2 protein chains.
Amino acid sequence: MSTDGVSTDAVSGEPSRLRADARRNRERILRTAMRHFSQHGIDASLDEIAREAEVGAGTLYRHFPSREALLAAALEERQAALLAGAQQAREISDAGAALGAWLASLQDYLRSFNGLPAPVLAAVKQQGSPLCLSCNALVALTGEFLDRAQQDGQARRTVTANELFLSALGLAWVLDRAEACGTTREALEKVMAQGYLTPERAEDVTHGGG
Amino acid sequence: MSTDGVSTDAVSGEPSRLRADARRNRERILRTAMRHFSQHGIDASLDEIAREAEVGAGTLYRHFPSREALLAAALEERQAALLAGAQQAREISDAGAALGAWLASLQDYLRSFNGLPAPVLAAVKQQGSPLCLSCNALVALTGEFLDRAQQDGQARRTVTANELFLSALGLAWVLDRAEACGTTREALEKVMAQGYLTPERAEDVTHGGG
DNA sequence: ATGCTATATGGAGACGGTCTCCACTTTCCG
DNA sequence: CGGAAAGTGGAGACCGTCTCCATATAGCAT
């Protein structure tokens with residue numbers, strides 16, 4: 001524990017110019033929040049988190065002005081894991097398999113906390129959200145893998161990154177509230193991948209339109 | 001129950017043996033609730049509904065013990081419309097088109113109120129919910145049209161009614177919070193119908209398994 | 001060390017939501 | 001018309017979010 005006093009963190013993350021006690025508190029809050037979000041989902045009581053982190057509610061809200069801000073901070077590790085997943089997926093030679101691997105990683109990420117899909121979806125449309133940045137990145141990444149699979153003739157050219165990402169969100173939403181509901185994750189992923197129509201019929205619809 | 005002078009309503013609907021004032025209040029609450037759910041989504045304040053219906057909170061909770069109960073009552077007309085939609089769909093000769101029509105009606109129903117997909121999904125797994133009955137019926141109806149389309153070779157035999165219904169729920173969830181998010185309902189419906197994979201690739205996955 | 005100030009803290013309390021409880025009012029039957 | 005059964009309203013307990021500011025503290029200058 002080499003306590004290096006005040007040194008300004010030149011390159012890295014946010015908690016740079018905070019006073020020592022503030023940094024400590026921020027950390028306590030964050031750890032407690034991660035535990036609570038894991039256990040009780042994204043609707044965990046913020047005051048309860050503050051209480052258990054042994055700080056006042058004001059302190060929590062000073063560090064994290066909104067639930068989303070706290071959520072975003074609590075998700076950083078998971079996001080790192082997701083990015084690692086993306087890197088692994090990139091190294092898969094088959095474009096379709098790579099896309100599949102990415103979507104699987106994405107599902108895992110979206111199930112970090114119960115109810116996570118909702119704020120993520122909100123962040124997609126709402127500009128200023130703290131989750132927004134990562135969220136745009138997620139769409140972009142989805143686009144990257146989708147493009148590759150399309151180039152390779154494995155994914156439909158009619159599908160856009162946005163659509164695929166939103167579909168994945170919908171799937172995650174169903175999954176995290178309904179796994180014990182008579183279906184498996186695999187089955188629903190398959191429906192998303194293949195659709196419910198027969199191939200021949202699907203092509204008709206493609207050309208015929210509505 | 002020795003002296004049940006008040007005859008139990010054997011067959012029909014709910015508002016049977018209520019005192020005149022009670023029936024009137026129930027009706028006022030229901031009308032107000034329909035308006036509020038329409039305007040503010042399913043999270044509309046119940047106390048606010050009571051206030052605007054000019055009844056006490058206790059009265060509201062006596063008639064409708066939970067938000068779900070009120071919701072279920074407020075949805076009755078919409079459910080009737082949905083059933084009518086099902087009947088129309090039945091009369092379509094093409095099995096695939098019939099399935100499509102049903103799913104479209106279902107989407108309309110699920111968008112009766114903002115946020116409706118969530119309680120419906122909850123009702124799928126939670127036995128005792130007031131929405132549960134209608135919800136089971138919805139899965140059954142979906143099964144009816146899916147079966148027909150499968151018989152006709154238009155829908156994949158690997159898909160079950162439950163899966164299709166849950167997918168539709170996920171779609172509705174995305175739609176009702178994200179329509180103004182860079183995508184159209186039609187596009188997402190198409191993804192659900194066809195999947196994101198190319199037909200050839202989809203067949204590989206079918207055989208290859210997980 | 002010591003003083004000083006920017007920084008950070010805690011928790012009381014305003015607000016709004018859910019839901020219960022029961023003293024009171026109303027209906028309606030005999 | 002009288003009284004029991006049915007129904008009512010709204011006060012208030014409880015819980016969650018979020019703000020505000022008197023107070024406490026870290027860390028720099030001296």
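Numbers restart at 1 for each chain; the letters A, B, ... are given by sequence-line order, proteins then strands. We use all heavy atoms of the structure for the numbers below, so side chains are in, but hydrogens, waters and symmetry mates are not. This one's a predicted model, so the numbers in the text were calculated from it and none came from an experiment.
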Between [atom2] on [N] and [atom1] on [X], what's the gap in Å once rounded to a whole number?
{"X": "B:Arg24", "N": "D:dA6", "atom1": "CZ", "atom2": "P", "value": "18 Å"}
{"X": "B:Arg17", "N": "D:dA6", "atom1": "CZ", "atom2": "P", "value": "12 Å"}
{"X": "B:Ile29", "N": "D:dT8", "atom1": "CD1", "atom2": "P", "value": "8 Å"}
{"X": "A:His40", "N": "D:dG16", "atom1": "NE2", "atom2": "P", "value": "10 Å"}

Query raised in the report: Would you call the rings of A:Trp173 and B:Trp173 parallel, tilted or perpendicular, where under 30° means parallel and over 60° means perpendicular?
Result: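 Plane angle under 30°, so parallel.
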
Query raised in the report: Do other residues, nucleotides or ligands put more than 12 heavy atoms under 6.0 Å from the CD atom of B:Gln88?
Result: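 No.
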
Report task. Using a cut-off of 6.0 Å, state whether more than 12 heavy atoms not belonging to A:Glu77 lie near its atom CD. Result ->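 It does not: A:Glu77 CD has 12 such atoms or fewer within range.
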
Query raised in the report: Going by heavy atoms closer than 4.0 Å, what residues in residues 46-53 of chain B are next to DNA chain C?
Result: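 B:Leu46, B:Asp47, in order of number.
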
Report task. Please list residues of residues 56-70 of chain A whose heavy atoms come under 4.0 Å from any atom in DNA chain C, ordered by number; otherwise none. Result ->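 Residues of residues 56-70 of chain A that come under 4.0 Å of DNA chain C are, in numerical order, A:Gly56, A:Ala57, A:Gly58, A:Thr59, A:Arg62, A:His63.
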
Query raised in the report: Taking only residues two or more places apart in sequence or in another chain, which ones pass ring-ring contact (aromatic ring centres under 6.0 Å, His included) with A:His63?
Result: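 Once residues adjacent in sequence are excluded, A:His63 has no partner under the ring-ring contact (aromatic ring centres under 6.0 Å, His included) criterion.
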
Requested in this report: Locate the shortest heavy-atom distance separating B:Leu116 from B:Ser112; write the atom from each residue and the value.
Outcome: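 Shortest heavy-atom contact: CD2-CB, 4.2 Å.
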
Query raised in the report: OP1, OP2 of D:dT8 versus side-chain N and O of B:Asn25: anything below 4.0 Å?
Result: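 Yes, because at least one side-chain N or O of B:Asn25 sits under 4.0 Å from OP1 or OP2 of D:dT8.
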
Query raised in the report: Can you give the first and last nucleotides of DNA chain C, 5' to 3', that have an atom under 4.0 Å from a heavy atom of chain B?
Result: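 It runs C:dG17 to C:dC28.
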
Requested in this report: List in chain and number order the residues that pass salt bridge (charged side-chain N to carboxylate O under 4.0 Å, His left out) with B:Arg62, two or more places apart in sequence or in another chain; answer none if no residue qualifies.
Outcome: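 Salt bridge (charged side-chain N to carboxylate O under 4.0 Å, His left out) list for B:Arg62, sorted by chain: empty.
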
Check residues 137-150 of chain B and write down every donor-acceptor pair under 3.5 Å in which the side-chain atom is one partner and the other belongs to a residue at least two apart or another chain.
residue	atom	partner	partner atom	Å
B:Thr142	OG1	B:Trp102	NE1	3.1
B:Thr142	OG1	B:Leu138	O	2.8
B:Glu144	OE1	B:Arg90	NH2	3.1
B:Glu144	OE2	B:Arg90	NE	2.7
B:Arg148	NH2	B:Ile92	O	2.6
B:Arg148	NH2	B:Ser93	O	2.9
B:Gln150	NE2	B:Arg156	O	2.8
B:Gln150	NE2	B:Val159	O	3.0

Query - Test side chain to side chain donor-acceptor pair (under 3.5 Å) applied to B:Glu48 and B:His36, step by step - result: CA-CA 9 Å; B:Glu48 178 64 30; B:His36 275 240; 5.0 Å; no

**Report entry** Derivation and outcome, side-chain contact (heavy atoms from CB on, under 4.5 Å), residues B:His40 and B:Phe113
**Finding:** CA-CA 8 Å; B:His40 311 294; B:Phe113 305 137; over 6 Å; no

Query - Gap separating the CG atom of A:Leu30 from the CG atom of A:Leu70, nearest 0.5 angstrom - result: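 Interatomic distance, A:Leu30 CG to A:Leu70 CG, rounded to 0.5 Å: 6.5 Å.
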
Requested in this report: Find the distance between CZ (A:Arg23) and CZ (A:Arg17) and round it off to the nearest 0.5 Å.
Outcome: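 So the CZ of A:Arg23 and the CZ of A:Arg17 are separated by 9.5 Å.
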
